Each structure stands twice: as C-alpha cells, then as structure tokens.
Protein chains: 2
Amino acid sequence: MRSTTRAETFPAHTPAVSQIFTTVLSHGPLTRLEAARRAGLSPAAVTKAVRPLLAAGYLAEDADGEARPALGRPANLVRVDGGRALFIGVKVTGDEVIAVLTDLCCRIRLARRLPVTDRAARAVLTSIAELTRELRSEAEDFGAPVLGLGIAISGDVDRAEGAVRYSPFLDWRDVALAELAAMTTGLPVVVDNDVRALTVAEQWFGAGVGLSDFAVVTVGAGIGCGLVIHGRVVSGAHGVAGEIGHVAIDPAGPLCHCGNRGCVEAIAGDAAIVTRMREVTGRQVVDSTEAVALAHEGVPGAREVYARAGEAIGRGIATVANLFGPERVIISGEGLAAYDLFAEQILDSFTAAAFGSAARCDVQTRPLPFEEWARGAAAAAIQSFITSSPTPTGKG
Amino acid sequence: MRSTTRAETFPAHTPAVSQIFTTVLSHGPLTRLEAARRAGLSPAAVTKAVRPLLAAGYLAEDADGEARPALGRPANLVRVDGGRALFIGVKVTGDEVIAVLTDLCCRIRLARRLPVTDRAARAVLTSIAELTRELRSEAEDFGAPVLGLGIAISGDVDRAEGAVRYSPFLDWRDVALAELAAMTTGLPVVVDNDVRALTVAEQWFGAGVGLSDFAVVTVGAGIGCGLVIHGRVVSGAHGVAGEIGHVAIDPAGPLCHCGNRGCVEAIAGDAAIVTRMREVTGRQVVDSTEAVALAHEGVPGAREVYARAGEAIGRGIATVANLFGPERVIISGEGLAAYDLFAEQILDSFTAAAFGSAARCDVQTRPLPFEEWARGAAAAAIQSFITSSPTPTGKG
DNA sequence: GTGGCTTATTTTCCGCTGTCAATAAAAGAA
DNA sequence: TTCTTTTATTGACAGCGGAAAATAAGCCAC
C-alpha cells in the first residue's frame, strides 16, 4: 500500500547551487543581485544556479509587486516554493511521539501525536510509522510529495550512521533507527540528536539566520545546548557536545543523576524544580505544571525555587559565552512556560558572570511549542535533502 | 640601515597548493601519494602543487634513504625546507619581552629577552624593535630571509586589524600595534592573542596536528584556553573566546578580580595560589616559585592548596569537554613547573565531572618553556605568510 | 643482464565552474 | 522617442583539479 516514490533528489550539481538555494531559503525572497552579494558570488553565477532550481520547481519567481526605487529595470524576486515538497519531522520522548508535516520552508502544515506506552524500539518504530502514514495520506491534499523523514531523539545520536548510540530516556542502545525507519516508511530518513536538530532549525529558519556563531539553550526536563561555530553545528569528536546541563556550577549543589553535584540540570531541570518545590512548600507536587502554578499563586518560597533555577541557567549560559563568545544565545524550551518566573534571574546572572566582551552577547528567548522539536527534525531532513548529492558527480 | 626586503610572498596560487603545503608542514616528510591521501586530492594534483613550491625552495625532496618495502618504485619524500625562511615571534608580558627566531618549520633557532621597565606602548615597541633588529642581524648567518614578525599579547586582540583592543596586564587600549611594528621593522606583522597564537602552534606543529577539535589550556598567572573547532581556531563573535579562567565553578569560592566568585583563575591562578599559600601556611610567600617550594618541602597545608587548584582546573577542563567534546585537551603553561603537585587532581576531577562520552577526551600535558609563547607568535606569522595571497588571483 | 612485476610519479587531456565583459530588458525621465 | 539607470542574461574564457594512461624506477627471478 506504500507509495513507492522513487527517491527524488535535489539538483545541487555544484557548490554554488547549494549555496544560492540555502541563501534564498534563509533570507526570504531576494533579487538575484542581492543573493549574489550575500553568497559572495557573481550575478552571472546566480542566474546559472537559479535556472535548474526554477525548472525543478524548488524556486519560484515573483514579479516584484512592492514599491520599488522606481528607477532601472525592476528586480525579480526569487523565493523558495515551499509548496513544492513536504517533509515529516518526528520527535520521540519517553512519553510521546510528536510528528509534524512541514513544507520546504519548514512551515508546519499538520501536527499529530501518539502516546508512548512501550518504549521498546520496535514499538516506537511502529508509532513513527503510523504517524508517518497518517501524515502522508493527509499530505496528498497538498499536492506535493513527501521527500524525507527526520527523527529527533535526545541522547547520544550518530547522525552520519543514523544510529541512536544511547538514549537514557528511552533506554535504547545502538539502535540503527534510520535504517529501520527507512525500511518501514520507504522515505529517506535522518536521525539526529534533538537539540542539534532544533539548532539546525534555528540556523536556517529561526533566530540564528545569518549568524556564524550562536548557541541554542533548551530548558525543560533536561537542559541542553546546541552550538553553531564557524557556521556549522558542533557535534564533538565523540558525537556529544553542548552538555550544558552537566556543567557543574556549584560543588555544594544538589546531587545530579550523572553522579556530580551542582550540575545546571540538577538545579534547573524540571525534576529538580519539582523536588525542591516539594521540599520548600511541603506540598504534593507531581509535575512542573503544578510547580509553575504554585509559584504563580505566590506560595511562600515557590518563587525562590525558580529564582535559583534561573540563576543556574544564567550562569550556565555565561559559561558558554565565556568559552565561545557567541553572537547570540537563544533560550527556548518547554520550560519557558515558566519563563516569566526566572527570566530576570537568567539575564542578571548571565550579565554578572559573563566576562568582558562576552557580555555583549545578545540573549534572546523564544517560546517553544512542543511541535518545535519535531519541526527541528524536519529541518534536519530538509537539510539532508538539500545537501544530498543526486549523483556523486564532479570531483570525487 | 634597515634592509628594505621587498615583501616576499608565498606562491599559494590555488587552494590545493596551500593545502598540500600545510599537510607536508604538519605531517613531516611525506610521499606525494601519502600527501594526496591526507589532503583528499588526487596524486596528480599533488605533483602540480608541489612543483612551484619546490621551485621556490619552500619544499625540498629527499631521496628516501630509509628501509622501504622493497617493492615497486621507491617513493620520494617531500618535506618543508625549514631553512628556506625565518620568522620572528615575540611574546610581550608585563615584565618581559621574549623574542625567538624560528625557521619555516617553527623550530626555534635563537631566543632573546628584554625586561620591561616601562609598559607604555611606545617603550614596548622600542624593545620589540630592538630584539627584532638583533635577531635579524644574527639571522644573516643562517642565510635565509626573515619573512614575518608575530607578536603575542594577552587580552583582547583583534588579529584581523592587528590591534590590541584591551590588555589588562599592560594597561593598553586600542593600540594599532601591527601597523606600528610594521613601520618600525619593515616586516609584515601579525598581532594575536597569546593563547590563540599558542593554539595555532599546537595545531600546526604540536599535539593538535591532525585533529579538528581540540583545546589548549594554559596554566600560569592566568588560566587561558584556546579552542580549535571544525579545524579552525575559535575567536568568538567579539574577538574573545576561551575565557576558561573566568568560568565560575563555585559560588562560595574566592573573589576574582573580574568581580565574580569562584572563577577558575581565582582559585588556580598564580596570584590566587600565592595568596592562599600565605593564608594557609602563615609564611611570607611572594611568588609562585616559593609556593611550589613550600609544597615540595611538605609544609603542612601547602599541598592542599595545589590540590584545590588542580581540582578547579580539572573541573574547568571538564566544562570545556562537556560543551564541545574535543578529541584532546592539551594542558600547558608556566604553571606546569608545579604540575606534579596537581596533576592527579586535574585528571581525577576532570574524569569525575566529564559527562558521558566527554570523558573519552584525551587529556595531555606538555611542558611549556616560556619561549614557547613566543614560538606561538612565530607560528601565527608563518600561518599568515602561507595564507597571504601573493596576488588576489583567480576568483575575486 | 633482461624481462617482468610492483608501486610512485608525471603527463595529457577534459569536464566543469565561476568570472568577465558585453548585451538585453524594463522601466522612468527628459 | 530616446536616454538613463538598474537588473538579468549570455557567451567566451581561464584555470583548477580529476581520470586514465604513460612513464619511471627499483627489485626479483631466471
């Protein structure tokens, strides 16, 4: 019953083509001249690069309807035709599988969820397949093919191999997820760490557009960090990087599940906040929603719990800034539901702990609906599609 | 009286030429085939790249005298002719100006020092000029031209502009040092942050050869860190990065001159150690040499001071490892005179605080004679010489 | 010694990319 | 209408790096 779409490939025959496409993708509609300037190429190269992309339908041309300088030949805006192709992004947590259908511009078209009852890889894979099938069938209404599937999972993930090395939340070890999912769905599959996937989405479609050095910090159950340095996402020599959650900031702090004391996550992670909220208020608190509620109600001591968490996060971010000097830090995560509770502390303690010019780093916050994680997975799939060489052409 | 050597340039006409040269420079004598494999080029490209470099004398060919596999045509080793060109590297501290003369392979040929009595830029510049003149005149015996001058200074240095933005130790602000030194010496000048320069030296000539992700941590008066990520030295968006010294690891720690508490430098920097040694032993201790001596003598409490410092350094390194997952961390610095005193703690606390795969990072130590800082400056000059395009040829 | 074998290096094209300079196109201005 | 101004396109071209084939240079067996 599965549609056996022959894997459609992207006509990125040359570096210039990829570069122009990603430039237009990130920087919205552009004139060819402008695209040339941004990509550091000659206008002639842009014309040549754009042609096959127009022909294949990935780019479209707008007659520039806007008010324009009224002199000279009017510019033709080139933009990515988002409706040309669709992608599916899936985020797997210990409780849920969240899937979104996005277009080529990574705009979410549809979203679906499925609870996880059995964390075994086989069961999760079935859920992924189920959601994928559902979204694909609905996608038919959009009249565009689904060209890739991205899966985001927290933990140690080897994107190149498409394997989950170790995922604590799911208790997986060495699962060749990409291969399995590709067999089940018939789609090209990318598997990546969730924070890295989110970082890719920010780099291409979010607050990281145009920056060569920035960080994404996610606050929630865990505290994670994705880094972009020299314009590329950092993966670390052993596939692990950005473990801001286990940066130890206080030797006298609470014990962390990693065995150390005073990790950022042990102070500001959801579980830590809930535990502490229980201790401080003496009430039954089972999840972070309740903890937030207590703080908002003004229960004595509750706000201090968040203040302390915010301080820890701010110091963690300052550490990142001191070490890498990013241009911007984007704070995001489910934990942002409580953002008003610790925003001030994050900024204050960041400012206090940032050294010298590191304090010039722009600290932003972005709400992160849970679908955003899945969107990150879709972004990874889009990235993979775009950079997949159709035929190992040229220099090889 | 200054020799008006017309600035000799490096014949790096194409990317392949640069790549092959740096490959041979870092990986010692190589056969063309081997060089091709390492650089990811075809053997034919190597032949073509090597020819102009041989002609210009930067590369030389050895008949391979070694025992060889005894089958097939013998390979011809290609190596960099270190004697072809000389460079001068200068490190400026608050007390001294240290200068070295190196060859193209960054081997130190001569070293000179001059005390700093007046920290004003003009006075220091005079010392630099003096040492440069001396070394150049002695260099004549080597029969090779001096092709560049590198200057390393701690603090906020803008290499691209050749300007010292702010140097706390010298109390300089916005000094256009490269321009001044170039005028005085008539040499092409590179000015860079001292730790970054040292990192370049490690990347090309030291323990970082062949690694795309590693860190250099220097222990001494300050605690510094140079990062190489994706094969490039990290400078940060604002020109400052690697401030491991001001990573705060203990909110209850001693006050740091940066205004925070518990910075690594406030615990493990020379000044911090001396201060604490005084407190703990109750003796007069004026510098770190004396502090080391006390610890070696077994004065009660003295060793604990170093243990505590080692622990702080280890935790700082673990933070770096957690955040970007380097393949190796190279610990170096004048402070290594005391290395036996805290080696164990560094490794122990690193191992304890490193999260997951980050612990697989290889932590090495290298002695760092003080001239090594100056050598780093020379490495920066060499790098600049090699990558300086002779004529803005080709694309552009 | 000579022919054969193996491996290293060089040569000889060749495709391909992106630049340059000239040209077309699309308006408004004169 | 014609000129001006700005954007887009075209075609010639230079040059980089690859592939394959040719050549070089030893060693070995006979």
Side-chain angles (χ1 to χ4, degrees), chain A residues 11-24 29-55 59-79 389-396, chain B residues 11-24 29-55 59-79 389-396:
Chain A
H13 301 107
T14 94
V17 173
S18 304
Q19 211 185 346
I20 292 298
F21 186 78
T22 58
T23 303
V24 174
L30 290 176
T31 70
R32 288 172 172 77
L33 208 61
E34 182 62 20
R37 282 207 303 100
R38 299 234 179 170
L41 293 170
S42 68
V46 177
T47 293
K48 285 181 214 175
V50 160
R51 203 190 323 274
L53 294 171
L54 278 175
L59 291 182
E61 213 163 359
D62 282 338
D64 174 16
E66 307 302 303
R68 79 180 88 83
L71 203 58
R73 171 175 175 171
N76 289 336
L77 292 180
V78 175
R79 63 179 171 79
S389 15
T391 315
T393 172
K395 34 189 94 170
Chain B
H13 300 106
T14 95
V17 174
S18 305
Q19 211 185 345
I20 291 298
F21 186 79
T22 59
T23 303
V24 174
L30 289 177
T31 70
R32 288 173 172 78
L33 208 60
E34 182 62 20
R37 281 206 306 98
R38 299 231 180 176
L41 293 169
S42 68
V46 176
T47 294
K48 285 181 228 179
V50 160
R51 201 184 333 263
L53 294 171
L54 278 175
L59 291 182
E61 214 163 359
D62 281 338
D64 173 15
E66 306 303 301
R68 79 180 90 82
L71 205 57
R73 172 176 173 172
N76 289 336
L77 291 180
V78 174
R79 63 178 172 77
S389 17
T391 315
T393 173
K395 34 189 94 174

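Everything numeric in this text was worked out from a predicted model, so none of it was measured. Protein chains get the first letters and strands the later ones, always in sequence-line order, with residue 1 at the start of each. Computed from heavy atoms alone, side chains included, the values below leave out hydrogens, waters and symmetry copies.
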- Is there a side-chain contact between B:Thr14 and B:Val17, using heavy atoms and a 4.5 Å cut-off? yes
- Counting side-chain heavy atoms from CB outward, which of D:dT9, D:dG18, C:dT19 is closest to A:Thr47? D:dT9
- Task: Starting at atom CG of A:Asp62, determine the distance to atom P of D:dA8, rounded to an integer number of angstrom.
- Result: 13 Å
- Just to confirm, is there a sub-4.0 Å distance from OP1 or OP2 of C:dC20 to any side-chain nitrogen or oxygen of A:Ser42? no
- Query: For the atom pair NZ (B:Lys48) and CG (B:Leu41), what is the distance rounded to the nearest 0.5 Å?
  - Reply: 11.0 Å
Where do N or O atoms of nucleotides 12-15 of chain C meet protein N or O atoms at under 3.5 Å, pair by pair?
none

- Using five pairs at either end of the helix from C:dG1-D:dC30 to C:dA30-D:dT1, determine the angle between the two local helix axes and round it to 10 degrees. 30°
- Item | Most 5' of A:Gly40 and B:Arg51 on DNA chain C, judged by nearest nucleotide | B:Arg51
- Message: List the residues meeting salt bridge (charged side-chain N to carboxylate O under 4.0 Å, His left out) with B:Arg79, not counting sequence neighbours, and say none if there are none.
- Response: B:Asp62
- Query: Does a side-chain heavy-atom distance below 4.5 Å link B:Leu59 with B:Val78?
  - Reply: yes
- Query: Atom CD1 of B:Ile20 and atom P of D:dG17: how far apart are they, to the nearest Å?
  - Reply: 10 Å
- Task: Looking only at non-hydrogen atoms, find the nearest pair between B:Leu53 and B:Pro11 and report the distance.
- Result: CD2-CG, 4.0 Å
- Is the side chain of B:Gln19 donor-acceptor paired with the backbone N or O of B:Ala39 at a distance under 3.5 Å, no angle test? yes
- Please identify each residue that fulfils side-chain contact (heavy atoms from CB on, under 4.5 Å) with B:Ser18, with sequence neighbours left out. B:Ala12
- Task: Please identify each residue that fulfils salt bridge (charged side-chain N to carboxylate O under 4.0 Å, His left out) with B:Arg37, with sequence neighbours left out.
- Result: B:Glu34
- Query: Do the non-hydrogen side-chain atoms of B:Leu77 and B:Thr31 ever get within less than 4.5 Å of each other?
  - Reply: yes
- Message: Protein within reach of the bases, or only the backbone? For nucleotides 2-7 of chain D, mark each nucleotide 5' to 3' as B, S or -, using heavy atoms under 4.0 Å.
- Response: ---BBB
